[in-house]
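Everything numeric here is computed off the predicted structure, so don't read it as measured data. Heavy-atom basis, side chains included; hydrogens, waters and symmetry copies ignored. Just so we're on the same page: letters track the sequence lines, and every chain starts at 1.
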Amino acid sequence: MQIHIAPDDGVPIYLQIVNQVKYLVASGRLEPGEEMPPIRVLADRLIVNPNTVARAYRELETAGVVEKRRTAGTFVSSNGSPLARHEQVKILTQRADALLAEARQLGFTVDEVVDLVRQRNFEMSAGERR
Amino acid sequence: MQNVVEISGLTRRFRDKTALDNVEIRVPAGSVFGLVGENGAGKTTLIKHILGSLRAQQGQVRVFGIDPVADPVNVLGRIGYVSEESDLPAWMTVDELMKYMRAFYKSWDESYAETLRRDFDIDRKTVVKDLSKGQRARAGLLTALAYRPELLLLDEPSAGLDPVVRRDILSAVIRTIADEGRTVIFSSHLLTEVERVADYVTMIKKGRIVFSGPLDDVKARHRKVSFRFDTAVDTPPSTPAVLHWEGSGKEWTAFCTGEQAEIEALARSMGAVIVAESTASLDDIFVAQATARVQTNQATSTSKR
């Protein structure tokens, strides 16, 4: 589980962990039923306070992303995260926003951008077929 | 939650210099308590009071509910202390040092000491003075950790050390509190380190406490707010809610400690609109508070007049 902490970027550290775990689940890099590292192990690896990791895990549990199994540890929810789809849309929305902002700056219309996306998709799938 | 350290009304003068001025501190058990401040702000003086090596001139110091000056044995035996200037006996070999410490502390855990020695890769036969700076810091950490103290007290433990040693130190902090009920106090000028591991943070400036509380609260209370004025402004008005201003022309960013409503009222009174808001890093907060000198001094001198 790859998590990167930037202590000085203004987002509380527990929230950085929560967001990145959600991202990892949404992008499929953490699979349903996969075991999360124990709190103290993750704390030691990220060099953050164990209480902070514990708080992040509590938030993730409340959100239904992970579940605690008695005596066994913490696991990614087996029935798939209820947030996964929402998070996936959020990730793509950010990319789309960046693309639109850049297109506007360069003087492209939305239709031109959509055409370009279609064309790239066509070319990429043609490349895969080859 | 029980407090491991309770300090109230502590004032300390060295000749005519006030080193600590009415300091109030509570350190809850099981927390990591970060102490920040510029050099000479009073951090080490405060720590010396906790160790009982300085007597409170005014106010009260209690560690584990005990006065550390009156009963040093029952306090010092439960504190693991590491300072920037290592005070390990220079002429001893690491092996002798470990035996010497074991004789001192009833709770010395030899197998834990040996695990740490191997993890830190410290050679038993080397004389302390021949250890590199980093290895000496690790040896100091080993002797402070191996008797599993209830309170780990670190005074600028990372000063002048390379990132690998600093990681070992932070890792020791994390493991110490991950073990039930134990507490860490550490002073540091490396604010990103404090931000990573501290539950509570206290800033001292010229012997006074500037802020003290849970790290999340401190960060929530300090915000960077950008205002846009209708016309260019030379200097925005100074007000107690703003620690300092940065910017030019129509757009200015204020470093604020005030409530949301207060900031909004400020914007209205200046005829400006809030265009951006963000939380501040501990580094931002530290710099703003440390450089707020001029303003606060002016504020105090005006109020005295």
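F108(A) CZ: 12 or fewer foreign heavy atoms inside a 6.0 Å radius.
Between the Y14(A) side chain and the A54(A) main chain, no donor and acceptor come within less than 3.5 Å of each other.
The candidate from I47(A), D44(A), I13(A) with the greatest count of non-hydrogen atom pairs under 4.5 Å with chain B is I47(A). Annotation: maximal heavy-atom pairing with chain A below 4.5 Å, among S281(B), S278(B), A220(B), occurs at S281(B).
Under a cutoff of 6.0 Å and an axis angle of 45°, R148(B) and Y112(B) form a cation-pi pair.
Among the residues in residues 185-199 of chain B, those with a non-hydrogen atom closer than 4.5 angstrom to a non-hydrogen atom of chain A are T192(B), E195(B), R196(B), V197(B), A198(B), D199(B).
From L215(B), atom CG reaches atom CD1 of I285(B) across 7.5 Å, with rounding to the nearest 0.5 Å.
Proximity to chain B involves both the backbone and the side chain of I5(A), based on heavy atoms less than 4.5 angstrom apart. Both the backbone and the side chain of S171(B) come within less than 4.5 Å of a heavy atom in chain A.
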Checking side chain to side chain contact (heavy atoms under 4.5 Å, CB included) for the pair L42(A)/Y57(A): CA distance, chi angles, key distance, verdict?
-> CA-CA 11 Å; L42(A) 187 60; Y57(A) 277 23; 3.5 Å; yes

From CA spacing to verdict: side chain to side chain contact (heavy atoms under 4.5 Å, CB included), I25(B), L46(B) | CA-CA 10 Å; I25(B) 279 178; L46(B) 180 63; 3.3 Å; yes

Full working for side chain to side chain contact (heavy atoms under 4.5 Å, CB included) between V21(A) and M36(A) | CA-CA 10 Å; V21(A) 169; M36(A) 302 283 289; 4.0 Å; yes

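The residues K43(B) and E156(B) are annotated as salt-bridged, a charged nitrogen and a carboxylate oxygen being separated by less than 4.0 angstrom.
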